[in-house]
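Below is one structure; the comments refer to it alone.
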Amino acid sequence: MTKAYYLYVFILTLHVFCFSCFTSAKQQSSNFTDEYALLSLKESITEDPDGILTHNWTANTSVCNWFGVHCGVRHRRVTALDLHGMGLVGTIPPEIGNLSFLSFLNISDNKFHGSLPFELGNVRRLKVMDMRVNNLAGEIPPSLGMLQELQHLDLGNNSLTGKIPFAIFNISSLRLIRLSVNRLIGSLPNDLCNNLASVKDIRLSYNYITGKIPISISNCRNLQVLSLGSNNLTGGIPENIGELPSLEELYLYSNQLPGNIPSSLFNVSSLRMMNLESNSLTSGLPSDIFDNLPQIEAIEVSDNQLSGLIPSSLSSCRKLQILSLSYNVFSGQIPEGIGMLPLIQQLYLGGNNLTGTIPPSISNLTSLEEIGLERAGLSGTIQICIEFWTS
Ligand SMILES: *[C@@H]1O[C@H](CO)[C@@H](O)[C@H](O)[C@H]1NC(C)=O
Ligand SMILES: *[C@@H]1O[C@H](CO)[C@@H](O)[C@H](O)[C@H]1NC(C)=O
Ligand SMILES: *[C@@H]1O[C@H](CO)[C@@H](O)[C@H](O)[C@H]1NC(C)=O
Ligand SMILES: *[C@@H]1O[C@H](CO)[C@@H](O)[C@H](O)[C@H]1NC(C)=O
Ligand SMILES: *[C@@H]1O[C@H](CO)[C@@H](O)[C@H](O)[C@H]1NC(C)=O
Ligand SMILES: *[C@@H]1O[C@H](CO)[C@@H](O)[C@H](O)[C@H]1NC(C)=O
Ligand SMILES: *[C@@H]1O[C@H](CO)[C@@H](O)[C@H](O)[C@H]1NC(C)=O
Ligand SMILES: *[C@@H]1O[C@H](CO)[C@@H](O)[C@H](O)[C@H]1NC(C)=O
Ligand SMILES: *[C@@H]1O[C@H](CO)[C@@H](O)[C@H](O)[C@H]1NC(C)=O
Ligand SMILES: *[C@@H]1O[C@H](CO)[C@@H](O)[C@H](O)[C@H]1NC(C)=O
C-alpha cells in the first residue's frame, strides 16, 4: 500500500461524508423554508374560528404533522395544503411562493381577502389551485402563466378585478378554468383555445367581459362545459361552436349576442344544457332542428327575438325537463308533440304570438311543475289551464 492510496481513500471518505452532510443540511433548510412559509401564512390569518391553526400549527412538531398539510413520503416537503371551509379570515402572504414542492392547494370557502401574491407563480409544481368562494380582490397576477403544470384553476366567487392575463390561456395542462362571479373586464384573446387542447371546463360567467366569443373556441376539442353567461359579449355565437364534439353544457345567457343560433349547435348530440336567454338572437328554427339532441335536458332561449313556428321536432327530446321559449316572437300553434315529453317539469311559452289552443296532449305531462303561458296569445288558455290543474 502506498501513501498515495491511503490519501486517495481518505479523500474519498471525506468526500462521501461531506456530500451526505451537505444534502441533509440542504434538506433541513428546505424543510425550514416550508415551515417558514406556513408560519407566515398562519401569521397572515387574523381569524381562525375553530382555533385549528392556532393550536395545531406549532413549531414543536414537523409541518408534515400539521392539520391540512401533506408531505412527500421521501423528501418530506409540503406537497398539499387543504384548508377549505375553516372560516379563516386573512391574506395570502408572498412566502407561499416558497412552497416549491406544493402541487395541491385548496383554501376555498374561507374569507381570504387582499390580492394574490405574484410569488404564487413560483410554485412551479402546482397542479390544483382552488381558492373559490373567498373575498380575494385585485388583479390576477400574470405570473400564474408560469405554472406550466397547472390543471385546475378555480378563483370563482371572489372580487377579482382587471383583465384576465392571457398567459393563463397558454397553460396547455389546464383542464378546468373557473373565474365566474368576479369583476373581470376586457375581452378574450382571439387565440383563446390554441393551447388548451385538454380543457374540459371553462367558466367565466358573472363578470364584465366584452368583445366576441373567439372563433378559436372550436380548438378546445375536449370542452364539456362552456359558461360565459352574464357578461357583455357581443358579435354573435361563432358558427363553429357546433364543432365541439363533447360539449354538454353551454351557458351564454345575459349577454348582447345578436344573430342566429348556429344550426351546427343542434348537431352536438352530447348537449344536455343550453341556455341562451336574454340576448338579441333572431331567426327562426327549422322544424327538424331538435332531431339530433337525444341528451338534452334544458333548452332555454327566452327573452330573445326568435321567430317562426315552435319546431315540431321538439318531441324527439325525450329527456327534456326545462323548455323556456317565452318572450320571443314565436307564432303559430303549440305543436301537438309537446305531450310526448315525459320528463318535462318547467314549460314557459308566454310572451309570444302563438295562436290556437293548448293541445290536449299536455295532460300527458305528469312531471310538470310549472307552466307559463301568460300573454302567449292563445285563446281559451284560462279554461284549459283550470281543467288541467284540477284534473
Ligand atoms: C407544542 O407547543 C404547544 C404550544 O406552543 C403546546 O401546547 C403543546 O403541548 C406542545 N406539544 C408538544 C408535543 O410538545
Ligand atoms: C394536528 O392535527 C393533526 C391532523 O388532524 C393531528 O394528527 C395532530 O395530532 C395534531 N397535532 C397537534 C399538536 O395537535
Ligand atoms: C376544495 O374544497 C372544496 C370544499 O370547500 C371542495 O368542494 C372541492 O372539491 C375542493 N377542491 C378540489 C380541487 O379538490
Ligand atoms: C421566502 O419568501 C420570502 C418572500 O417572498 C422571501 O423574502 C424569502 O427570502 C424566501 N425564502 C425563504 C428561504 O424563506
Ligand atoms: C357563487 O356565486 C353565485 C352567483 O352569485 C351564487 O349563486 C353561488 O351561491 C355562489 N357560491 C357560493 C358557494 O357561495
Ligand atoms: C403563448 O405561447 C406561445 C408559444 O409558446 C407564445 O408565442 C405566446 O407569446 C404565448 N402567449 C402568451 C400570452 O403568453
Ligand atoms: C354589461 O352587462 C350588464 C348585464 O350583464 C348590463 O347591466 C350593463 O349595462 C352592460 N354594460 C355595457 C357597457 O353594455
Ligand atoms: C349535422 O350533421 C349531419 C350528419 O352528420 C350533417 O349532414 C349536417 O350537415 C350537419 N348540420 C350542420 C348544420 O352542421
Ligand atoms: C302576431 O300574429 C298576428 C297574426 O298572425 C300578426 O298579424 C302580427 O303581426 C303578429 N305580431 C308579431 C309581433 O309578430
Ligand atoms: C298523449 O295524449 C294524447 C291525447 O290527449 C294521446 O292520444 C296520446 O296517446 C298520449 N301520448 C302519450 C305518449 O301518452
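In each ligand, atom 1 is the first atom listed, and ligand 1 is the first ligand listed.
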Is it true that [X] and [Y] have a side-chain N and a carboxylate O under 4.0 angstrom from each other?
| X | Y | answer |
| --- | --- | --- |
| D201 | R178 | yes |
| E249 | R272 | yes |
| D109 | R132 | no |

pair L38-L99: side-chain heavy atoms closer than 4.5 Å: yes

Would you say V78 and F101 make side-chain contact, with heavy atoms under 4.5 Å? no

Among non-hydrogen protein atoms, atom 13 (C) of ligand 5 lies closest to V133 CG2, 3.5 Å

Regarding ligand 5, does N157 bring an N or O atom to under 3.5 Å of one of the ligand's N or O atoms? yes

Answer yes if a protein heavy atom lies under 4.0 Å from atom 11 (N) of ligand 5, otherwise answer no. yes

Heteroatom distance test (T33, ligand 4): nitrogen or oxygen, under 3.5 angstrom: no

Please check if any side-chain donor atom of S302 sits under 3.5 Å from a side-chain acceptor atom of E277, or the reverse. yes

Which option out of V69, N56, T61, N60 puts a heavy atom nearest to atom 6 (C) of ligand 2? N56

For atom 5 (O) of ligand 5, which of the options N182, N158, V181 provides the nearest non-hydrogen atom? V181

Per-residue contact class, T58 against ligand 2 - non-hydrogen pairs under 4.0 Å: neither

Find all atoms of ligand 4 within a distance of less than 4.0 Å from any non-hydrogen atom belonging to Y36, and give their numbers and elements. 14 (O)

